[in-house]
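In what follows, every chain begins at residue 1, and chains take the letters A, B, ... in the order their sequences are listed.
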Amino acid sequence: MSCPRQAGASVSAMKGIRVTSVAIKDQVEVAVRAALTQVLPAELADADPVVRRSDHADFQANGALAVAKDVGRSPRSIAQDLIVGLPRYGAEVSGPGFVNLTVADDVVWRAVACRATDDRLGVSSPRSGERVVVDYSAPNVAKQMHVGHLRSSVIGDALVRVFDHLGSDVTRQNHIGDWGTQFGMLIRYLDEHPEVDWQGQGVETMSALDSLYKVARTEFEADAAFADRSRARVIALQAGDDRTVATWRDLVAESEKAFEAVYARLGILLDDGDFDGESRYNRSLPGVVDELLAAGIASESDGAVVAFTDDVNGPDGAPTPLIIRKKDGGYGYAATDLATIRLRVDEYRADRILYVVDTRQALHFRMVFNVARRAGWLPVKVHAEHVQFGTVLGTDGRPFKTRAGKTVRLADLLDDAETAVRGILQEREHGFTQSEVDSVVRAAGVAAVKYADLNNTRTKDYVFDVDQMVATTGNTGVYLQYAHARVCSILRRATGDSAVAGSDAEIRVDETLPLHPAERALGLILDGFEQALRDVTDTLEPHRLCGYLYDLATAFTRFYDACPVVKAEGATRSNRLALCALTERTLAVGLDLLGIPAPERM
RNA sequence: GCGCCUGUAGCUCAGUGGAUAGAGCGUCUGCCUCCGGAGCAGAAGGUCGGGGGUUCGAAUCCCUUCAGGCGCACCA
């Protein structure tokens with residue numbers, strides 16, 4: 001058996017990057033491109049063959065239609081000539097000049113065999129050599145993670161995983177809010193109320209801190225003297241006063257512990273090595289201001305240091321400034337955002353910086369990137385992108401809040417999803433022990449919440465509807481987990497193994513066997529895995545991968561409905577087992593790249 | 001006022017120049033001697049917000065208009 005990747009078949013992909021590919025679609029594209037050069041005059045020979053999946057055949061090539069005008073011939077006659085050069089693809093002209101292409105059965109089987117026996121399922125590393133910094137999650141010290149942190153954490157993590165899988169060198173950065181005037185207030189309050197016991201209470205620590213914050217805030221607003229004492233504490237903190245800094249460190253450490261617990265539960269990769277708090281940039285902020293002033297990019301206005309950007313105006317028609325230093329001398333977050341860009345470009349050597357942040361900050365990032373470009377901190381070859389996402393809404397269509405109008409904690413969201421999953425599980429027959437039930441509930445709860453978030457166009461708002469997201473039918477994370485568990489069940493039955501993952505069940509594919517239509521459909525979808533991952537990095541839309549996995553799961557259910565596996569015999573059986581094994585791994589890897597676990601039983 | 005995002009089946013949403021616009025939920029009809037029915041096969045349901053334009057071809061690109069959401073000086 002010869003696999004295209006081992007054989008080194010090379011096709012040119014987008015933007016002139018050379019890649020090797022197992023993908024049937026790439027092979028077809030190479031063939032059509034070659035046929036086109038035979039048909040077209042030399043100056044048009046590199047025309048795009050426009051190869052797409054088709055409802056009328058395995059693929060269709062629309063290139064003849066696209067170039068007809070330039071060649072001065074009818075698209076049909078070009079297509080007629082084109083099919084002469086494509087004898088292996090059962091090429092037929094259809095309609096105004098479409099060329100329908102059918103792949104030979106052995107080509108599909110070979111692709112299945114190559115992927116099933118490859119550690120990476122035939123997925124190449126087209127992004128190797130690229131350095132990507134992803135800024136996401138960004139909770140605030142002394143406050144609990146809430147629904148507002150969900151999308152950034154979940155989307156950012158999925159992007160990190162997919163970029164990494166395609167070969168990018170990814171740096172995760174969790175830009176936590178660990179600095180600012182609110183800490184003076186909080187520290188002062190703790191000073192004055194030594195009786196308050198908040199540390200070392202596990203999950204309760206954060207809720208204790210959260211309410212402390214609110215009490216302190218109330219006092220800050222009501223009591224001018226306390227406000228003054230708090231401001232003194234801010235100055236002490238900035239000056240590095242030992243006792244103040246010690247309390248601040250405690251606050252940060254306890255908060256980070258709590259964040260990590262949430263990440264562990266949600267299956268987010270972020271850990272203690274990824275914290276990149278605002279405090280880290282504190283010392284470089286005066287330099288940011290000085291350089292911008294010296295360069296004439298920033299100027300003083302109403303006592304603040306600001307920079308203006310063309311085309312950004314307020315309601316009164318006056319230009320809107322980016323506020324870099326406030327008139328009280330404090331720094332706005334524009335200053336830290338600018339400082340992070342310098343670090344990420346100069347030290348991390350980023351080629352691409354992704355900010356996974358709420359869509360409401362679009363204007364802010366537009367101005368920050370603009371200023372950074374003008375200051376020379378963000379070279380043109382470095383791409384900085386605001387990966388914006390919409391708001392999580394409640395079932396009333398308003399931004400998601402509790403009935404009392406308070407923000408919803410992330411932990412409560414997961415609890416709700418788990419409760420709903422548990423309810424569904426109770427209604428079904430299953431032979432699970434209590435601890436198995438618990439583990440299924442945890443996996444499915446995470447899948448429900450994360451998949452619901454990832455599975456729609458990123459920039460749109462979406463409604464957080466627990467009943468819909470834990471549904472076991474339709475395009476949900478739970479359904480995909482079930483489909484995966486189902487494949488595992490078939491593999492267990494066939495091989496007699498109790499476990500599926502890591503089993504070395506031999507993959508044997510007889511490429512001479514005829515393909516059942518359901519096998520063909522499944523094989524071709526399996527072949528598109530890498531393309532789905534590329535779609536994610538090209539569009540920064542993880543829902544492309546969700547859609548792919550759902551298509552894969554439905555193709556698989558059709559396949560096993562039509563094609564007996566365990567009961568089949570001989571080569572038919574082993575070929576079908578190879579399809580099952582490849583489907584199992586593709587679903588598991590795909591879900592993992594979304595940050596969703598894939599249990600073998602559920 | 002300006003800017004950004006969104007408008008596709010009853011509902012929730014895919015579809016960033018190709019043939020008859022697709023899924024799921026819900027509704028209706030079949031299929032359990034069959035590897036887990038959390039399934040499969042089929043039916044019904046659409047002026048792709050409206051109007052112009054570009055193109056051999058537009059849900060997709062451009063212009064315009066309507067509707068909704070969000071943002072536009074010191075909170076991050």
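- Val463(A) comes within 4.0 angstrom of no nucleic acid atom, judged by non-hydrogen atoms across all strands.
- In this model, a side-chain donor or acceptor of Ser94(A) finds a partner on the base of rA19(B) within 3.5 Å.
- Other residues, nucleotides and ligands contribute over 12 non-hydrogen atoms within 6.0 Å of the CD atom of Glu219(A).
- Among the atoms of the strands shown, none is found under 4.0 Å from any heavy atom of Arg53(A).
- Using a 4.0 Å heavy-atom criterion, one finds that Thr457(A) contacts the sugar-phosphate atoms exclusively.
- Listed pair Lys460(A) / rG7(B) meets the phosphate criterion, a side-chain N or O lying under 4.0 Å from OP1 or OP2.
- Contacts of Asn313(A) with the nucleic acid, taken as non-hydrogen atoms under 4.0 Å apart, include base atoms.
- The side chain of Asp302(A) lies closest to rA73(B), out of rC13(B), rA73(B), rG39(B).
- The interatomic distance linking Asp467(A) (CG) with rC25(B) (P) rounds to 15 Å, in whole Å.
- At the heavy-atom level, Ala66(A) lies under 4.0 Å from base atoms of the strands shown.
- Counting non-hydrogen atoms under 4.0 angstrom, Cys563(A) reaches a base of the nucleic acid.
- Listed nucleotides: rU16(B), rG18(B), rC72(B). Nearest to the side chain of Gln60(A): rG18(B).
- Side chains of Asn475(A) and Tyr451(A): a donor on one and an acceptor on the other come within 3.5 Å.
- Listed candidates were rU16(B), rA38(B), rA73(B). Nearest to the side chain of Ile323(A) is rA73(B).
- Residue Gly314(A) is classed as a base contact, given a heavy-atom separation below 4.0 Å to a base.
- You'll find that the side chain of Pro315(A) is closest to rC72(B), out of rC72(B), rG36(B), rA38(B).
- Between the C1' atom of rG3(B) and the CG atom of Asp310(A) lies a distance of 14 Å, rounded to the nearest Å.
- Between Arg52(A) and rG18(B), a side-chain N or O to OP1/OP2 separation shorter than 4.0 Å is present.
- Aromatic stacking of His56(A) on rA19(B): satisfied, with centres closer than 5.5 Å and planes within an angle under 30 degrees.
- In terms of phosphate contacts, Ser489(A) brings a side-chain nitrogen or oxygen within less than 4.0 Å of OP1 or OP2 of rG36(B).
- Taking the O4'-C1'-N9-C4 or O4'-C1'-N1-C2 dihedral as appropriate, rC32(B) has a value within 90° of 0 and is therefore syn.
- rC28(B) sits 24 Å from rC13(B) when the P atoms are compared, rounded to a whole Å.
- In this structure, of rA14(B), rC70(B), rA19(B), it is rA14(B) that holds the atom nearest to the side chain of His543(A).
- Distances from the side chain of Val565(A) to the nucleotides rC40(B), rC35(B), rA76(B) place rC35(B) closest.
- In this structure, Tyr550(A) forms no aromatic stack with the base of rA23(B), since the conditions of centre separation below 5.5 Å and plane angle below 30° are not both met.
- Across all strands shown, Ser301(A) has heavy atoms under 4.0 Å from base atoms, whether or not it also approaches the sugar-phosphate.
- Across rG46(B) and rC35(B), the matching C1' atoms stand 39 Å from one another, rounded to whole Å.
- Candidate nucleotides rC13(B), rC70(B), rC74(B) were compared by shortest atom distance to the side chain of Tyr462(A), and rC13(B) ranks first.
- Only one option out of Phe369(A), Phe389(A), Tyr333(A) pairs with Tyr355(A) in a ring-ring contact (aromatic ring centres under 6.0 Å, His included); it is Phe369(A).
- With rA19(B), rC35(B), rG71(B) as the choices, the nucleotide that has an atom nearest any side-chain atom of Tyr560(A) turns out to be rC35(B).
- Within the 4.0 Å cut-off from OP1 or OP2 of rG36(B), at least one side-chain nitrogen or oxygen of Arg493(A) is found.
- Counting atom types as modelled, Asn100(A) pairs a side-chain N or O with a base atom of rA19(B) as donor and acceptor under 3.5 Å.
- Atom pair His175(A):NE2 and rA76(B):P shows a separation of 12 Å (rounding to whole Å applied).
- Heavy atoms of Asp178(A) sit nowhere under 4.0 angstrom from any nucleic acid atom.
- Looking at heavy-atom distances under 4.0 Å, Pro96(A) makes no contact with the nucleic acid at all.
- As judged by a 4.0 angstrom heavy-atom cut-off over every strand, Glu278(A) is placed among residues touching the sugar-phosphate backbone only.
- Of the P atoms belonging to rU6(B) and rA44(B), the separation is 33 Å, rounded to the nearest Å.
- Distance alone, capped at 3.5 Å, places no donor-acceptor pair between the Asp276(A) side chain and the Gln173(A) backbone.
- Of the side-chain N and O atoms in Arg428(A), none sit less than 4.0 angstrom from OP1 or OP2 of rG36(B).
- Within the nucleic acid shown, Ala362(A) has no heavy atom closer than 4.0 Å to any nucleic acid atom.
- No contact: Thr359(A) has no heavy atom under 4.0 Å from any strand.
- Taking for each of Gly474(A) and Pro399(A) the nucleotide of RNA chain B with the nearest heavy atom, the 5'-most of the two is the partner of Gly474(A).
- More than 12 heavy-atom neighbours from other residues, nucleotides or ligands sit within 6.0 angstrom of CG on Asp396(A).
- Nucleic acid contact for Leu65(A): base, since at least one base atom lies under 4.0 Å from a heavy atom of the residue.
- If you take atom C1' in rA43(B) and the same atom in rC5(B), they sit 37 Å apart, rounded to whole Å.
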